[in-house]
Every structure is written in structure tokens, then in C-alpha cells.
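Step one of this worksheet: look at the structure below.
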Amino acid sequence: DNLKLTATGPGVGTILEVKEEKGLGTTLDVILYNGEFNSGDTVIVGTAHEPIVTKIRALLKPKPLTEIRSEERFLPVKHVAAASGVKIAAPKLENALAGSTIRVVACAEEVEALSIELKSELEAVRIDAESEGVILKADAIGSLEALVGELKAKNIAIHHADVGPVSRRDVIRASAIKDPLLSAILAFNVEILPDAISEVQKTNVPVFCSDIIYSILENYEQWTEEQKMRIEQERLEAVIRPGAVRLLPDCVFRQSRPAIVGVQIIGGVIRTH
């Protein structure tokens, strides 16, 4: 039943990419997997915060390859039915979230229920725990799910996981983590905001940022190994080790204030003070 699709009725799709197109503004690359989209339809779109309601200004399909070099790369269409890919141009799409859902709003009464449904998609993968752990940021719901899954498989604790750029608040939260092996930010394919960069320079919180999940994990794991070695070295240096010496015969050069003698260290560590 989950594999069945309907080519009629209100359209439901997944946002693959939010992209700026010359002459069109912010657009959405969408896979329509149920129902249909029509030019002029009112749709609700998932964001990192409150969903937005807007109206489809244009539905666009790629032109045939023979026309790929032409100035206009897309062909406007009035109607699209499942299952198909389509580019959507509409107002207020700047905060649309890749990986979230876009749905046709059949009537105004549906908006509240659809809004709750769209927000629950992100809440399902968002983590905000009291326990200590790393901070995760990703560019889309799907990539956040993948990153969370990889860390859980490796038994790495997560304190906070969300979609969006690395902010100053994220850096402050990471710096407050007491476990030195968890005081870090793992960021997939997102930017680091200017105020966050300033905070990183103050706190020295490491930020592992890449567009490849496995690179992020490898760099983090390498850093934790280095941290463990540093912590162990500091612990050993702090340990007081008693020293044992043997007085060498005929090597007393001064008996007091201060005594100057020749000795052989036969155990432990002797340091100057």
C-alpha cells in the first residue's frame, strides 16, 4: 500500500533543493509523488520554523536537450501529475527547507492541521537533550537523519541536533559541555555564521564541517583520539612520583646551606623546585 500513488487530488511532494534561478528568484526542485500541482495552487511548504503558505506562480520542466543552450532552460507548464519532478517558482520560498514536504492546500481550514504535520516531520529528527553530547547541524531533514543515525551507531552522545547554519548559540552550547571529548560541533553542508566564527575564536570549540558525512566523522574521531592522548599526558605529568637516590662515595662537596653532593638516581623522578 505504501508504494501506491494517486495522480489526482491535492499534490504532495518532497523538496529536493532550494535554488536561486536567474529571473525567477528562489525556486524549489520537487519530486511530486502523489496527486497533482496546478499553476496558481495554494501550497504549504516546510521550513526550519513555521511552515509558509504561498501560491504557485509557475511550474517549470526542463527543456529538451536539443534546446539546452537556449537562454531559457525551462518550459512553463500549467499542470503536473504524480510521479514526476518539477521546478516550482513562488513568493516567500527563501526559508523553504530541503527534505521537507510541500502540499497543496485544498481549503483554508486545512492550513492549521497541515502546518502541525509539517512541523512534526522536523521534530521527529530534531534533538534537544539535557544530557551531554555533541552539537549537530545539517542542511536538510534527510542529511540530519543520516548524521544522527551514524552517531547513534557509534554510541556518540548527542546534545542538540537541528537543521540550519552554525550559530553563536550553538558554539556557546558546545563550550558549556563539560566532557572535553563531546565539546564539539559537527556540521554537514552548512555555513558558519559570522558571529559564530567570532565565538569559536574565543572558546576554541572545534567545528567539523564538510559536505561529506564520513569526512566529518573521521575528523571528529581523529580529534577525540588526540584529545585522549593529551588528557592522559596531562594526567601523567600531574602524578607525583617519589624519587630514590644513592649517595656516591667521596662526592660530598658541601654539607649544609645548601648541601652539595653527588648522587645516583636509582628510581622515580627527581625535579628541581
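All residue numbers refer to positions in the sequence shown, counting from 1.
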Before you tell me yes or no, could you show the steps for L186 and L151 under side chain to side chain contact (heavy atoms under 4.5 Å, CB included), namely the whole-Å CA-CA distance, both residues' side-chain angles and the distance that decides it to 0.1 Å? CA-CA 10 Å; L186 280 61; L151 264 68; 4.0 Å; yes

Steps toward side chain to side chain contact (heavy atoms under 4.5 Å, CB included) verdict (V207, I192): CA-CA 9 Å; V207 180; I192 305 173; 3.8 Å; yes

Please step through side chain to side chain contact (heavy atoms under 4.5 Å, CB included) for the pair L97 and I15, ending with a clear verdict. CA-CA 7 Å; L97 180 62; I15 301 170; over 6 Å; no

Check the pair N95, I52 against side chain to side chain contact (heavy atoms under 4.5 Å, CB included), reporting the backbone distance first and the verdict last. CA-CA 9 Å; N95 296 319; I52 54 175; 5.7 Å; no

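For the side-chain contact (heavy atoms from CB on, under 4.5 Å) test, residues two or more places apart in sequence or in another chain that qualify with A58 are L60, A89. Evaluation of the salt bridge (Lys or Arg N to Asp or Glu O under 4.0 Å) rule for E191 yields no partner, not counting sequence neighbours. With sequence neighbours excluded, the residues forming a salt bridge (Lys or Arg N to Asp or Glu O under 4.0 Å) with R168 are E199, listed by chain and number.
Between the CD atom of E150 and the CG atom of L147 there is a distance of 8.0 Å, given to the nearest 0.5 Å. Note that CG of L28 is 11.0 Å distant from CD of E21, once rounded to the nearest 0.5 Å. In this structure, CG in L114 is found 12.0 Å from CD1 in I102, a value given to the nearest 0.5 Å. Atom CD1 of I177 is separated from atom CD1 of I172 by 13.0 Å, given to the nearest 0.5 angstrom. How far OH of Y33 is from OG1 of T101: 4.5 Å, rounded to the nearest 0.5 Å. We find the CD1-CZ distance between I56 and F37 to be 5.5 Å, quoted to the nearest 0.5 Å.
Between the K119 side chain and the P51 main chain, no donor and acceptor come within less than 3.5 Å of each other. Between the H79 side chain and the S39 main chain, no donor and acceptor come within less than 3.5 Å of each other. S183 places no side-chain N or O within 3.5 Å of a backbone atom of P180 that could act as its donor or acceptor partner. T54 places a side-chain N or O within donor-acceptor distance of the main-chain N or O of P91, the cut-off being under 3.5 Å. Remark: side-chain polar atoms of T224 are paired, donor with acceptor, to backbone N or O of E221 under 3.5 angstrom. Between the side chain of H160 and the backbone N or O of I127, at least one donor-acceptor pair lies under 3.5 Å.
The pair E232-K228 does not count as a salt bridge, with every side-chain nitrogen at least 4.0 angstrom from each carboxylate oxygen. Checked for salt-bridge contact, E110 and R103 miss the test: no charged N lies under 4.0 Å from a carboxylate O.
In the hydrophobic clustering of this structure, V80 groups with V45; members are Ile, Leu, Val, Met, Phe, Trp, Tyr whose side-chain heavy atoms approach within less than 4.5 Å, directly or through other members. Cluster annotation: V200 is not connected to L182 through the hydrophobic network of ILVMFWY side chains, with a link wherever side-chain heavy atoms come within less than 4.5 Å. Note on V105 and V12: separate hydrophobic clusters, where clusters join Ile, Leu, Val, Met, Phe, Trp and Tyr whose side-chain heavy atoms are under 4.5 Å apart, directly or indirectly. Residues L136 and V205 do not share a hydrophobic cluster, clusters being chains of Ile/Leu/Val/Met/Phe/Trp/Tyr side chains in contact below 4.5 Å. Transitive grouping of hydrophobic side chains (ILVMFWY, heavy atoms separated by less than 4.5 Å) brings L59 and L93 into a common cluster.
Between L16 and A98, the shortest heavy-atom contact is O-CB, 3.8 Å. Closest of all the heavy-atom pairs between V148 and A161 is CG2-CB, 4.1 Å. Closest approach of T27 and L24 over heavy atoms only: CG2-CB, 3.9 Å. For the residue pair T14 and G99, the shortest heavy atom distance occurs at CG2-O, 4.1 Å. Across every non-hydrogen atom of N219 and F208, the tightest pair is O-CE2, 3.6 Å. Taking each heavy atom of H159 and E132 in turn, the nearest pair found is CB-C, 4.3 Å.
Judged purely by distance below 3.5 Å, without hydrogens or angles, the side chains of D170 and S167 pair a donor atom with an acceptor atom.
Other residues, nucleotides and ligands contribute at most 12 non-hydrogen atoms within 6.0 Å of the CD atom of E112. Within 6.0 Å of NZ in K61 there are more than 12 heavy atoms belonging to other residues, nucleotides or ligands. For F253, the CZ atom is densely surrounded, since the number of other residues' heavy atoms within 6.0 Å is greater than 12. Heavy atoms from other residues, nucleotides or ligands lying under 6.0 Å from CZ of R230 number more than 12.
Contact annotation: the side chain of D162 approaches that of K137 to within less than 4.5 Å [non-hydrogen atoms, C-beta and beyond]. Taking the side chain as every heavy atom from C-beta outward, S115 and I44 approach each other to under 4.5 Å. N38 is not listed as a side-chain neighbour of K78, based on a closest heavy-atom distance of 4.5 Å or more.
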